[in-house]
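So the structure is just underneath, and the comments pick up after that.
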Amino acid sequence: MTAKKILVDDTNILEALAANWPVEQTVSHGFDRGGVLSKYPKSHLSVVANISPLNVYEQFAFLFLRDRRDVQVFNVALCATVTLLPSFLYLYFVSFSWIHALVHIVATIIQIGPYHLALHVSSHRKVFKSDYLNDYWLPIVVGPFFGQTFYTYFLHHIKMHHVADNSPEDTSSTLFYQRDNIFHFLHYFGRFYFLVWYELTVYFTKHNQKSRGLMALGCEALSMTLFGTLSYFNFYPMLACVWVPFNLSRLFMMSGNWTQHAFLNRESPLGGGLSNSITIISTRFNALCFNDGYHASHHLNAHRHWTEHPRTFLANRSIYENAIVLQNTDYEEMFFCLMTHWYERIASKMVDNVGIGAKITSIEGRVAWLKERTKQFTVEEVEAAKGKKGGVEIAGDSDKKE
């Protein structure tokens, strides 16, 4: 009789690392409920299609999902649709009150993190069986209530950032900034806030993707025209429901990307996920936001399903020997620590038995290592680093392209 396999996820990843669980005796979410991989029609991605629903709600949700592990994405989209959308319609067309507006803003703040990471995972892997739901529900129908302009996120993150991968061509690259300097961050943030439409258009045009450049320009122009027109006729509902989340969203996205790519390998800053990305494990943030703390794992394979990051991390822990792995924190706290030079706090969050924290055990040594990693690069240093990318063999992926 085959022994029952142990579910490994972010809640017990530290236990799995400490006890050195054999990966072949573990499973990821979905597989603990009898999930079996299959190929979705017209797709190279593996999906889990036969998980039995636990209740009537899951039975309903599964009707719409390509991969039944993505029920949490459905939850986020549905929650925003039944709360923020009708709230906006009432505030705009029926009656505006500041109490209602304040409640709306609080509801937006509660949902804004999960929404952006639901948008993130659904941009990398189509979540819904219907292309209409994939193309319109999260990006268009509820996106503006979280500060998203039409398709800018998809073009910026999928078609630019993951292609350029924090290289000099990446319009959101952190290479040429001192990454613990608030004034450098304000410059970085200002570029995105005011010039994302221009820089994306230039990037795509330069790379012979003029249609995407026109799309980036057109979508930003259409979004701003629509938001501006609606604001002209009824400003305060738009302020509460669109412009407040617009500003919060752009700040959270850029402070998040800044932190994710703050600690760069001095010898090979262009080396990909292990050289330019951090990993955060064993944190409530991962439960709410689709394991987004496993950012190095995500950059190593952007098509990997979000539920599989902890198990893949366990299987490949050895390749993280020179990477930064943190625990029980999130990007907001790490961003605050960077801006205030609270390196001791970051050092205390390093995991002791994996990553650079296993090599450097003293707080002082870790602080010195972290400060070295946040130094601004010169053009000459980056030019000298070209060609030092190197690859790693990743075990345990069920969703690699064939």
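Since the structure is predicted, the reported quantities are computational estimates derived from the model, not experimental observations.
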For a quick test of reading the model, state the closest non-hydrogen atom pair linking [X] to [Y] and the distance between them.
{"X": "L155", "Y": "M215", "result": "CD1-CG, 3.9 Å"}
{"X": "F204", "Y": "G213", "result": "CB-N, 3.5 Å"}
{"X": "N291", "Y": "W306", "result": "ND2-O, 2.8 Å"}
{"X": "A61", "Y": "V71", "result": "CB-CG2, 3.9 Å"}

*Mind checking the CZ-CG spacing from R33 to L7? Nearest 0.5 Å is all I need.*
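Rounded to the nearest 0.5 Å, the CZ-CG separation comes out at 11.0 Å.
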>> Once rounded to the nearest 0.5 Å, what's the spacing between atom CD1 of I278 and atom NE2 of H299?
In response: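 It comes to 11.0 Å.
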For residues 75-86, the side chain to side chain donor-acceptor pair (under 3.5 Å) pairs (sequence neighbours left out) are Y57-N75, T81-W137, T83-Q111
Does Y198, at its OH atom, have more than 12 non-hydrogen atoms belonging to other residues, nucleotides or ligands within less than 6.0 Å?
no
Using a 6.0 Å cut-off, check whether atom CZ of R284 has over 12 heavy atoms from anything other than its own residue. no
Donor-acceptor contacts under 3.5 Å from residues 356-364 side chains, at least two apart:
{"unit_1": "K359", "atom_1": "NZ", "unit_2": "N322", "atom_2": "OD1", "d": "2.7"}
{"unit_1": "S362", "atom_1": "OG", "unit_2": "G365", "atom_2": "N", "d": "3.0"}

Pairs in or reaching into residues 180-199: which pass salt bridge (Lys or Arg N to Asp or Glu O under 4.0 Å), with residues at least two apart or in two chains?
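Listed once each, the pairs are R191-E199.
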Residue pairs meeting salt bridge (Lys or Arg N to Asp or Glu O under 4.0 Å), one or both in residues 247-261, sequence neighbours left out, come to E220-R250
- Task: Starting from the C-alpha separation in whole Å, work towards a yes-or-no answer on salt bridge (Lys or Arg N to Asp or Glu O under 4.0 Å) for E58 and R68.
- Result: CA-CA 9 Å; E58 279 199 353; R68 294 187 175 188; over 6 Å; no
With sequence neighbours left out, the residues meeting side-chain contact (heavy atoms from CB on, under 4.5 Å) with T108 are L84, H104, F146, P245
Between [X] and [Y] (side chain of the first, backbone of the second, donor and acceptor by atom type, cut-off under 3.5 Å), is there such a pair?
{"X": "S282", "Y": "N328", "value": "no"}
{"X": "N134", "Y": "S130", "value": "yes"}
{"X": "N12", "Y": "E15", "value": "no"}
{"X": "S277", "Y": "L274", "value": "no"}
{"X": "Y115", "Y": "L138", "value": "yes"}

Assess, by modelled atom type and distance only, whether the side chains of [X] and [Y] contain a donor and an acceptor separated by less than 3.5 Å.
{"X": "H207", "Y": "E169", "value": "yes"}
{"X": "N247", "Y": "Y193", "value": "yes"}
{"X": "Y343", "Y": "T374", "value": "yes"}

*Can you say whether the rings of W243 and F246 are parallel (under 30°), tilted (30 to 60°) or perpendicular (over 60°)?*
perpendicular
Give the intermediate values and the outcome of salt bridge (Lys or Arg N to Asp or Glu O under 4.0 Å) for residues K126 and D131.
-> CA-CA 8 Å; K126 289 185 177 182; D131 284 339; 3.5 Å; yes
Contacts of S297 meeting side-chain hydrogen bond (donor to acceptor under 3.5 Å, both in side chains) (sequence neighbours excluded), chain-then-number -> R304, H309
Sequence neighbours excluded, the answer for side-chain hydrogen bond (donor to acceptor under 3.5 Å, both in side chains) partners of Y188 is N257
In a table with atom names and distances, give each donor-acceptor pair under 3.5 Å that connects a side chain of residues 88-100 to protein atoms at least two apart or in another chain.
{"unit_1": "Y92", "atom_1": "OH", "unit_2": "L230", "atom_2": "O", "d": "2.8"}
{"unit_1": "S97", "atom_1": "OG", "unit_2": "H100", "atom_2": "N", "d": "3.2"}
{"unit_1": "H100", "atom_1": "NE2", "unit_2": "S87", "atom_2": "OG", "d": "2.9"}

**Report entry** CA sep, side-chain torsions, deciding dist, call: V196, T171, side-chain contact (heavy atoms from CB on, under 4.5 Å)
**Finding:** CA-CA 8 Å; V196 62; T171 65; 6.0 Å; no
**Request:** Assess the pair H116 and H157: is the distance between their ring centroids shorter than 6.0 Å?
**Result:**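 Between H116 and H157, the centre distance exceeds or equals 6.0 Å.
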Does the separation of the ring centres of H162 and H298 fall below 6.0 angstrom?
yes
Is the Lys NZ or Arg CZ of R179 less than 6.0 Å from the centre of F335's six-membered ring, within 45° of the axis?
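Negative - R179 is either too far from the ring of F335 or too far off its axis.
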For [X], give me all partners under salt bridge (Lys or Arg N to Asp or Glu O under 4.0 Å), at least two apart in sequence or on another chain.
{"X": "K129", "result": "none"}
{"X": "E332", "result": "none"}
{"X": "K375", "result": "E372"}
{"X": "R366", "result": "D352"}

### Message
Under a 4.0 Å threshold between the charged nitrogen and the carboxylate oxygen, would K386 count as salt-bridged to E383?
### Response
yes
